[in-house]
> 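Sharing a structure below in structure tokens format, with a few things to ask.
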Amino acid sequence: MEMTHGDLPREELISQGRAILDWIATYLEHPERYPVLSTVKPGDIRASLPAAPPGTGETLETILQDFETKILPGITHWNHPAFFGYFATSSSIPGILAEMLIAALDVKAMLWKTSPAATELEEVATDWLRQMLGLRDGWFGITTDTASISSMLALAAARESRPELEIRERGMAGRTDLPRLRVYASKHVHSSVDKAALALGIGLENVVKIADDDQFRMRPDALAAAVAADRAQGYLPLACVATVGTTSTSSIDPVPAIAEICRRENLWLHVDGAYGGTLAVVPEFRYVLDGVEGADSLVVNPHKWLFTPFDCSAFFIKRPEVLKRAFSLVPEYLVTREQHEVVNYMDYGVQLGRRFRALKLWMVIRAFGADGLAERLRQHCALAKEFAGWVESSGDWELMAPVPFALVCFRYAPNGMSDTERDRRNEQIMHAVNDGGEVFLSHTKLHDRFTLRLSVGNIRTEKKHLALAWEKLQEAARVSS
Ligand SMILES: *Cc1c(COP(=O)(O)O)cnc(C)c1O
């Protein structure tokens, strides 16, 4: 029997590729055809699929039919314009097309040599982003998969900025000469910072949560006090993470005052602007990154609020040589002739093979332009403000936090209703609205009270989607009991 070799025929790419493009075009036009939140039960999708792989190849046509009938029901539609949960995100046409090219090229952007354009475009695209954010010259940009990894790299660099600890060579376990390393962050810091401490062997106990003020911002005086108390214990204050746009409420830690303390105390300052940092592309909102020039590193996520398909996080660092010292390890088979003249991005992290993310960031920035991106983010902030206005001017609802970006924290709180009862009602309202399938929002707890969150960030969200959310919320509140 003759074996078949090679890829599928070109005709399949053309015909099925066209079908997929058509599908995507219709999908992006009407994601509302689908319930925003998937309604399947745990195990449904798995049960609908064969447990064993097919022995012989199947046609793309059949596979795509199954995609429609079996996979799509289990999709929660992040690209749906009424997805207001967590932080709303979306991809965009230039980003989607870029992903096709990225898959076609299948580059591993690890060494300059393994695709000079991938490396140099990463330098260019991250530098464009730096300029759009209003940052000074001298930041080195790297794309990573997520802010979680970017923040882990930041803490790894912070640790390597103390070479006298010899952690790179000797590790941390079994040593009596190492003090506890301490990392400071507000109590609203993203859990990825705790996870970075887990991964790096710093330990959860050593992520010190600093008290916040009445607007959910880290208190610099409490930070200074925590550092002093730790020094008195013989601990080593290593780093501080300030957040621009916290996950619960999008509050902004006072970076200038924190930077001043970090400078004085010799702490590495990492700014987590995964959500909020991108708003600095809007000139009148540039102040959200005030003080960041006093930081050592910064993360912003183009895959969160800059219409770049997941994944694309942008990590900026002032002293890339420290990160390189933490991670560079060049086995003989990866030695290249030009390694001292070029950037080899594999030197700046854990991964060897790296996705060619720069292409999509570059295509997104070019297709919309700095002004076009700014205009869209400005619009999202205006929409969120408008929604916040509806909440404020209705008698029965209240805002639970300021709205510095495009996230509204609010709850149903009619007069005379106890807080416990309000908690119960708001949870009920959220589930009722989400079960309706037309709108999705998520929640948090503020001052220990159940709080609804509505985040605007999808490129296709319009006022009518917010009006629909408001209508559904009021309806659910009316029938709640
Ligand atoms: C979303 C978010 C993260 C995590 O982002 P990933 O890219 O999914 O890891 C971290 N920090 C903040 C403030 C965020 O909003």
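Start at 1 and go down the list; that is how both ligands and their atoms are numbered.
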> List below, pair by pair, the N or O atoms of ligand 1 and of the protein that are less than 3.5 Å apart, including the distance to 0.1 Å; reply 'none' if no pair qualifies.
residue	atom	partner	partner atom	Å
ligand 1	7 (O)	A147	N	2.8
ligand 1	7 (O)	N301	ND2	2.9
ligand 1	7 (O)	H303	NE2	3.1
ligand 1	9 (O)	A147	N	3.3
ligand 1	9 (O)	S148	N	2.9
ligand 1	9 (O)	S148	OG	2.5
ligand 1	11 (N)	D272	OD1	3.3
ligand 1	11 (N)	D272	OD2	2.6
ligand 1	15 (O)	K304	NZ	2.7

> Run the ring-centre check on F410 versus F387 and record whether the distance is less than 6.0 Å.
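For F410 and F387, the ring centres are under 6.0 Å apart.
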> Using the ring of F87 (Phe, Tyr or Trp, six-membered ring only), decide whether R453 places NZ or CZ under 6.0 Å from its centre and within 45 degrees of its axis.
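Yes, R453 and F87 form such a contact.
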> Would you compute the distance between atom CD1 of I149 and atom OG1 of T143 and round it to the nearest 0.5 angstrom?
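Taking CD1 in I149 and OG1 in T143, the distance rounds to 12.5 Å.
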> Test H447 against F216 for ring pair (Phe, Tyr, Trp, His ring centres under 6.0 Å), laying out the working first.
CA-CA 10 Å; H447 304 301; F216 312 103; 5.1 Å; yes
> Would R366 pass as a cation-pi partner of W362, given that its NZ or CZ must be under 6.0 Å from the six-membered ring centre and within 45 degrees of the axis?
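Judged by the rule, R366 and W362 form a cation-pi pair.
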> What are the two closest non-hydrogen atoms of Y235 and R180, and how far apart are they?
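Smallest heavy-atom distance, with atoms named: CE2-CD, 3.4 Å.
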